[in-house]
Each structure stands twice: as C-alpha cells, then as structure tokens.
Peer 1: 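The structure under discussion is supplied below as structure tokens; questions concerning it will follow.
Values below: all heavy atoms of this structure, side chains included; hydrogens, waters and symmetry mates excluded. The chains referred to below are lettered A, B, ... by the order of the sequence lines, with proteins before strands, and numbering in each begins at 1.
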Amino acid sequence: MRAHDEFWAEFRERARGLPRSEPSLPPALPAILFSTFLLAAGIGVALLAARPAGASGAVVESLEVGADHSGVVVIQGNGENPTIVWILDMPLDQGSRSP
Amino acid sequence: MNPTRIALAALLLAAFAPAATAGDTLTVQLVKATSGERSGRVDGRLRKVAPALERNLAYTGFSVVASTAMPLPADGNPRMLGEYRIRCAGAQNQLAITVENKDRPVVKTTVALGDRKPFILGGLPAGDGALMIMFEAR
C-alpha cells in the first residue's frame with residue numbers, strides 16, 4: 001500500500017507541474033484578413049465575369065448570302081484561331097442573283 | 001481601411017469589369033489571299049492569324065489591301081473597303097454586318113465577337129485568288 005500511495009502522490013505532484021491550457025475561443029479574424037478575403041473574392045468574381053463571351057472565338061448567329069454560291073464552310077475559332085466563314089464558288093460578278 | 005468600403009469596391013469592380021474589358025474599337029481589313037509560286041508572302045499585320053489561314057485555306061499568301069476602324073458599338077454607317085461597302089451596326093456581342101458590292105447585297109450576317117478573336121468572311125472572288133474581310137474587336 002505504501003508503494004501505491006507513493007505512486008499516486010508522485011503522479012499528482014507531476015501532474016501539477018504540467019502546464020495547463022485554459023479553454024478558449026479562437027481569436028477573432030483580424031479585420032485585415034477579412035478585408036483581404038473580400039477583395040480576393042471580388043476580384044475572382046470580376047475575372048470570371050470578364051471572361052470574353054466568345055472564349056471559343058467569334059460566334060456566327062445568322063448568315064445570309066445574297067450572291068450566287070455553291071455552299072458555305074464555317075470554321076469555328078477557338079483560342080487564338082479566328083472564326084472563318086468561307087463562301088464557296090462565288091462568281092466574279094457576285095450579286096448577280098439580285099435583279 | 002474599412003472592410004465595408006473594400007467590399008463595396010470589390011462589388012463595383014465585379015459589376016463594371018465586363019464593360020471595362022469589352023473592346024471599344026472594331027478594325028476591318030480587306031485581305032487578299034493568293035496561292036502559287038509568286039505567292040507565299042504573309043503581311044506582317046496578319047501574323048497572328050496566318051497560321052490558322054494557312055492551315056485551313058488553300059492559300060499561302062495573305063496581304064492587307066485596305067483597312068478601316070470604327071468605334072464600338074458600330075453606328076451602321078457605310079465604309080468602303082476596295083469595291084466593297086461594309087456596314088457594321090450594333091454592339092460587339094451582336095454585331096450586324098452587311099457587305100455590298102455595286103449596291104448589291106453580297107453577305108449579311110450577325111456575329112458575337114470576342115475581344116481579339118477575329119472573324120473572317122471569305123471567299124469573295126478576286127481574279128487571281130480570293131478576298132476576305134477580317135473583323136476584330138479590341
């Protein structure tokens with residue numbers, strides 16, 4: 001029993017010597033971090049909104065050829081490549097269909 | 001700085017960013033495409049699009065014959081490029097283009113142009129090649 005008592009006495013003694021951390025709330029987010037977060041979010045939204053609508057190139061919404069031709073080839077642009085609309089076999093006197 | 005002010009500034013930036021980055025000038029170039037032994041020269045002003053043109057078209061020479069520029073949104077007033085009368089009207093994302101030759105309609109189209117994303121309307125006849133009109137908002 002003596003050894004048992006000594007053990008626990010020493011245990012309690014050592015436990016008293018250990019540093020104790022008080023329970024606490026995390027520190028409030030500093031205003032500068034909050035502002036930085038808002039600014040970064042704003043810039044991110046701005047960059048997303050500012051992406052060109054035609055990121056894949058110019059988009060042809062309508063096309064009407066008034067001259068004689070045998071067809072039209074549309075090559076959709078992407079990245080740096082231009083969008084190309086090529087009218088096939090238009091005669092030199094184009095517009096001859098019109099009166 | 002007051003976080004509220006920063007938040008407001010960020011929101012304003014987001015709201016006006018698209019307008020600030022949209023092109024404000026439309027350039028229109030009449031380009032002649034040629035092929036054959038005497039061809040093969042590419043106008044320096046077309047350096048950016050030349051690889052795509054050479055890859056997709058049966059021509060090796062490209063030169064700017066005439067060019068013009070106008071503010072965006074385009075006012076619809078006619079401009080002459082060579083023998084062609086070009087009318088552009090409207091905003092960059094809804095640009096109405098009319099090409100006429102000798103008062104005859106050749107092509108009428110509506111396109112949505114991206115910034116610095118050229119749109120090329122080609123196949124217009126030329127004696128020893130073909131003509132194309134390149135539109136670019138910047």
Peer 1: Should B/V107 and A/L63 count as side-chain neighbours, where that means a heavy-atom distance under 4.5 Å?
Peer 2: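 Contact flag for B/V107/A/L63 side chains = yes.
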Peer 1: For A/E61 and B/A112, which heavy atoms make the closest approach, and how far apart are they?
Peer 2: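 Here A/E61 and B/A112 meet closest at OE2-CB, 3.8 Å.
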Peer 1: Considering residues, nucleotides and ligands other than B/K48, do more than 12 of their heavy atoms fall under 6.0 Å from its NZ?
Peer 2: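 Check passes, neighbour count above 12.
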Peer 1: Please name the pair of heavy atoms, one in B/A52 and one in A/P82, separated by the smallest distance, quoted to 0.1 Å.
Peer 2: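 Taking every non-hydrogen atom into account, CB-CD, 3.4 Å.
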Peer 1: Okay, side chain of B/T109, backbone of A/S62: is any donor-acceptor separation there less than 3.5 Å?
Peer 2: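 Here the side-chain-to-backbone pair exists.
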Peer 1: For B/M132, is it the side chain, the backbone, both or neither that has a heavy atom under 4.5 Å from a heavy atom of chain A?
Peer 2: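 Just its side chain gets close to chain A.
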Peer 1: Taking the side chain as everything from C-beta on, heavy atoms only, tell me whether B/F119 gets closer than 4.5 Å to A/I84.
Peer 2: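 Contact flag for B/F119/A/I84 side chains = no.
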Peer 1: What part of B/L57 gets closer than 4.5 Å to chain A, counting heavy atoms only: side chain, backbone, both or neither?
Peer 2: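 Answer is side chain: those atoms of B/L57 sit under 4.5 Å from chain A.
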Peer 1: Under a 4.5 Å heavy-atom cut-off, does chain A meet the side chain of B/A96, its backbone, both or neither?
Peer 2: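 Contact with chain A involves no heavy atom of B/A96 at all.
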Peer 1: Working to the nearest 0.5 Å, report the span between CD1 of A/I87 and CG of B/L121.
Peer 2: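 Answer rounded to 0.5 Å: 5.0 Å.
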Peer 1: Rounded at 0.5 Å granularity, tell me how far OG1 in A/T83 sits from CE in B/M134.
Peer 2: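 Between A/T83 OG1 and B/M134 CE, I get 12.5 Å after rounding to 0.5 Å.
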Peer 1: CG of A/N81 to CG of B/L53: how many Å apart, nearest 0.5 Å?
Peer 2: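 Reported to 0.5 Å precision, the distance equals 9.5 Å.
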Peer 1: Between B/E136, B/Q94, B/E100, B/R116, which has the largest tally of heavy atom pairs under 4.5 Å with chain A?
Peer 2: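 Max contact count across the listed options: B/Q94.
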